[in-house]
Amino acid sequence: MNDRNRELRPFVPQPDDDMIVCRCEEITKGEIRRAVHDGMFTLTEIRRYLRTGMGLCQGQTCTKLVKGIVSRELGVRPNELGPATGRAPMRPIEMKVLAKDKEETK
Amino acid sequence: MRIQEHPILGTYEKGKLVSFTFDGKPLEGYAGEPIAMALKNAGVMVHRYTRKEHKPRGIFCAIGRCTDCVMVVNGQPNVRTCITPLEEGMEIRTQYGVTAEQPGGAAK
Amino acid sequence: MNAEVIIVGGGIIGCAAAYNLAKNGVSVLVLEGSENIGNGGSTRNGGGVRQSGRDPRELPLVMYSIEHIWPQLSDMLDTNVEYYQEGNLRLGSTPQHQKILTGLADSAAAHGVDVRMITGDEARRINPYLSEAVTCASWCPTDGHANPLMATMGYYKMARRLGAHFISGEKVVELRKIKGAARQVVTASGNVYEGDKIILAAGYESRFIASTVGIDVPMQQVLLETLVTEAVGPMFWQMLGTADADFYGHQTEHGSFVFGLNSGLEPYAKPGKPLSSSIAASAACRGIMHYFPDLANIKVVRTWAGWMDACADHVPVISKVEEVPGLILACGFTGHGFGISPAVGLVLSQLAMEQETAVDLSALRYDRFQ
Amino acid sequence: MMKRYDMIVVGAGPAGLSAAIEAAKKGMHVVVYDENAKPGGQLFKQIHKFFGSKEHKAKIRGFHIGEELLAEAAELGVEVVLNAIVIGIFPEKEVTVKVEDHVIHVKGDTILIATGASENMVTFPGWTLPGVIGAGAAQTMMNLHGTLPGKRVLMLGSGNVGLVVSFQLMQAGCEVVAVADAASRVGGYGVHAAKVARCGVPFYLSHTIISADGEDCVTGVTIGEVDKNWQIIPGTEKHFDVDTICLAVGLSPMSKLCDMAGCAMEDNPAKAGFVPTVNEYGETSVPGIYAAGDVSGIEEASSAMIEGRIAGIAAAARLGFISEETCKEEAAKQEAALEGLRQGMFAPGMRGKQITETEEGVEISQNLLKHGFVAEEEIERFPGVTHSAGVHPVIECTQNIPCNPCQDACPKHCIRIGSNITALPSIDPEKKCTGCGMCVASCSGQAIFLVNEDCGDGTAEVTLPYEFLPLPQKGDKGVALNRKGEKVCAAEVVHVRSAKAFDHTNLLTMKVPKEYAMKARFFREEETA
């Protein structure tokens, strides 16, 4: 159970709020912290709202960093946050390659 | 800079010396080595400038995961240069944003 | 915990209803069964804001949304919902397609929607990336698209700012009547919440929850699959579909393409966690490249699947339930709820506040199947 | 009809190849897919000698282990497909793979997921500048592609990866200006730290990066000391001119594929992240899908190989290629080997615990934990450090780690570890050292020296392991460095031995004034000596 209206510590600007956290989508620490205060309490919601981890690297670089920031903001342990779901394709694949998946197209 | 001889690994197997261009400048590298290595050995550090903040990026993970090293290769943007083998005559360009477009409007 | 209105389901319908109620000073509690807001079809759709191809019974809702809400929604929600009203092209390449598209266009035109048939060349003038394979298309210039993720999270964010209370991971299993009216909501964790009105907007799950007060909505759970590509430079802004319905989608403001897929096997997906199939993305890529050869080199970065609540007659139930006073149903959206969600949120709030609804809902009553 | 294998292995690293080998030995039809152009996973970047015992392939360099595994797999008919990207695992154990320019669909009666780990990162102003790289990137550039990552490097992270890569950077010809770590203690093996420190690399514990400087690429880095709340203490800033900042701040299991396959997952800090829950055979909650190696919990490559073998054995039993009894028997043997590796101060169960004494009751070197080297006043208390007339081994092995090749290396049985693999080596005073140097070359931690404390002419001779180029020659004059890497005295090379059996570890013997016999631990050519 996750009460989305529970009291968080007030949002206080931090000196490193403009630091890039998601390298692909260029999302900053401040944007992530802001989003938490706007109710994005899970990694999935942060992704949906800010696009962190949705870039070309598919979240391989920043997922753990985002998790750290969100958990600190919420005052919970990182492993309480749960993961972002694993989805195919595991690596970016060109449409023309995906399209060739029948024996006869080889 | 290339390592000429390594105390444990000795010398490295290399492909044929080939020429390619980086932003129009002729450079040389070894066929089959990642494009990023050829560039690094030629002293190229900046592979692209990001879309939002126009910040420089280069090699970061070197194994095809982080996608920071993407460039425009033969007109195709977003090519991961750290895992794409170098070929004779390749045209490599600095990538600006997510497209093949170059500053001044000259695409591809 | 009590509230004037309890909303079961934190998808875009529930969030939009919560927003409209909170804006009117009504106390609202939203219970979402999963861990995440917008976990069902709300964030797993192609983002179409279409009139063309829509069942006439839904048209008033979408037309109201397009006329009164979508253009202002980004400001209303303090969130860029990326709404683009740049038209909808539904593409065809065979005489059979021409027939299907003409039928859809005629039906829409008869209901006052500007949908016309155009030739392949006309289509290519609108979208120069289309291949020569396209021989005909229906064209609705007033259609468009928006970003489902941003719209859903935007409604949630703003509803929450306005005071709506949200709890996730709280799965509703039962509704209870008190002295003849639906008042209590019981969750799997054993909590009981009480409200004057209950809006049931929990997708397919609504069927099981409604049955606890003796109401059935004939629905089926059908898989929805979507793929997303890497971002590229802007190419075109129209919403796209095909006569075969093998893919639909658009390019987002961010530059990535979002395409809904259709392998034909969706109704037969196994129940449980929605799983992407191993063939749908490939089939869709073939279809997309047939019409858009320039997309061949673009990389797919993600696919995902979700459930939609397919109603027996393919349009939703948005209705008060007079025989269970206090209960309001909003389910069975059949995969095209996103475009109408702003108006649905509004009318649900009006139903809950016992006001006249902005749009006539009589064709969407729950008892139409009897 | 879809092609079907008895086992599909995702990832041709140590775990995946070991599982494939074991399964193929039992008669299974196995395919291994790996996204890289070269198989072996990280093994091919690991040019140091491995720890452990014989059964763990101790004292063999990682890339040679990779070559051995590949050869064994090939001999057993395992199909290893490279440049093959597994796109996803779908119901009914269907796997889609990008091969060349198309996608294939295959099914496995069992699947082993051995996708390894990905590197963690830290943020600081400038961390996106070209020149800030992962430690893995540095290894890939140097050891696979013969490319120097930079000229002057700062390493962030004092775990084994940070230490090993720092050493590799120096082997490749880079200057490592410092090893920094926000933790208050060196995280990796003390012996790895010591071999870096004695080359003159300063360690800054409780330090983190304040910023990377530069416009278009890194030109410098500023670090500073952190307090208990990880805040920079003003006035502790230190600047280094560097062109490269290397990040080695841990690994996380790369387990997305397990999640997609429907395996029950857990976020387990003891396993360094999000991992599939597995039984003692590595089987996930989905029957027939196994996970082995870093993907199911970060450990060493040696453990990954054994986990892979166990999964291979279990899969064979599942499909009836071997009996349950054989499976139990063989798995038990492997379990015992795995247990052997999971002992000592760095065992997975010890994570986060503060250790003050060795198993033998010897007080731990605090200097080693804080500065990367054992202080002179600390070294004498360890059992490997003794004094006798003539040449004798001095074993500066001060932490309980599972490793014992030195015991077998000595033909005269001078070195004793015993049956407890983590015990500190001790010297048998009854046995006579001949100075053959096999122990020096065998020590994966480069912690063994041969010392003749008094050659009779006021000098002493110190033999040390040397893995750098150019290799000094007999008669070269230079300086001796102490454990901290400070010049302590003049030194002359009197002997350089290279032998096939030493496997690229050269034995350099230098002559120093005898009062430096227990201080001088590294040699540097120096014009100004």
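In this text the structure is predicted, and so the values were computed from the model without any measurement.
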Before you tell me yes or no, could you show the steps for B:Val79 and B:Val72 under side-chain contact (heavy atoms from CB on, under 4.5 Å), namely the whole-Å CA-CA distance, both residues' side-chain angles and the distance that decides it to 0.1 Å? CA-CA 6 Å; B:Val79 175; B:Val72 182; over 6 Å; no
### Task
Apply side-chain contact (heavy atoms from CB on, under 4.5 Å) to the pair D:Phe63 and D:Gln46, showing each step before the final yes or no.
CA-CA 6 Å; D:Phe63 68 103; D:Gln46 301 191 343; over 6 Å; no
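- The part of D:Pro149 that comes within reach of chain B is its backbone (N, CA, C, O), which places non-hydrogen atoms under 4.5 angstrom from that chain.
- Judged purely by distance below 3.5 Å, without hydrogens or angles, the side chains of B:Asp23 and B:Thr94 pair a donor atom with an acceptor atom.
- Within the structure, side-chain hydrogen bond (donor to acceptor under 3.5 Å, both in side chains) pairs that include any residue of residues 132-147 of chain D comprise B:Asn41-D:Thr147, D:Lys45-D:Thr140, D:Gln139-D:Gln168, D:Asn143-D:Gln168 (at least two apart or interchain).
- Geometrically, D:Lys195 engages D:Phe167 in a cation-pi contact, judged by NZ or CZ lying under 6.0 Å from the ring centre and within 45° of the ring axis.
- For residues 6-22 of chain B, the interface with chain D (any heavy-atom pair closer than 4.5 Å) comprises B:His6, B:Pro7, B:Ile8, B:Leu9, B:Tyr12, sorted by residue number.
- Both the backbone and the side chain of D:Met142 have a heavy atom closer than 4.5 Å to some heavy atom of chain B.
- No other option in D:Met121, D:His48, D:Lys151 has as many heavy-atom pairs under 4.5 Å with chain B as D:Met121.
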Evaluate D:Ser118 against B:Arg65 for side-chain contact (heavy atoms from CB on, under 4.5 Å), listing each step before the verdict.
CA-CA 9 Å; D:Ser118 60; B:Arg65 301 232 176 101; 4.1 Å; yes
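- With chain B as partner, the option from D:Gly173, D:Ala37, D:Ala172 having the largest number of non-hydrogen pairs under 4.5 angstrom is D:Ala172.
- Neither the backbone nor the side chain of B:Lys55 comes within less than 4.5 Å of any heavy atom of chain D.
- Summarising the geometry, atom CG belonging to D:Asn506 is positioned 4.5 Å from atom CG belonging to D:Leu471; distances are rounded to the nearest 0.5 Å.
- Residue D:Thr505: no heavy atom, backbone or side chain, is found under 4.5 Å from chain B.
- Residue B:Tyr30 does not touch chain D at all, counting heavy-atom pairs closer than 4.5 Å.
- Taking the ring centroids of D:Phe502 and D:His504, they lie at or beyond the 6.0 Å cut-off.
- Among pairs with a residue in residues 66-81 of chain B, those fulfilling side-chain hydrogen bond (donor to acceptor under 3.5 Å, both in side chains) read A:Arg23-B:Asp68, B:His47-B:Thr81, B:Arg48-B:Asp68, B:Arg57-B:Asp68, B:Gln76-C:Asn297, B:Asn78-B:Gln95, B:Asn78-C:Glu230, at least two apart in sequence or across chains.
- Neither the backbone nor the side chain of D:Met170 comes within contact range of chain B; no heavy atoms are under 4.5 Å apart.
- Residues satisfying the salt bridge (charged side-chain N to carboxylate O under 4.0 Å, His left out) test with D:Arg61, not counting sequence neighbours, are D:Glu467, D:Asp503.
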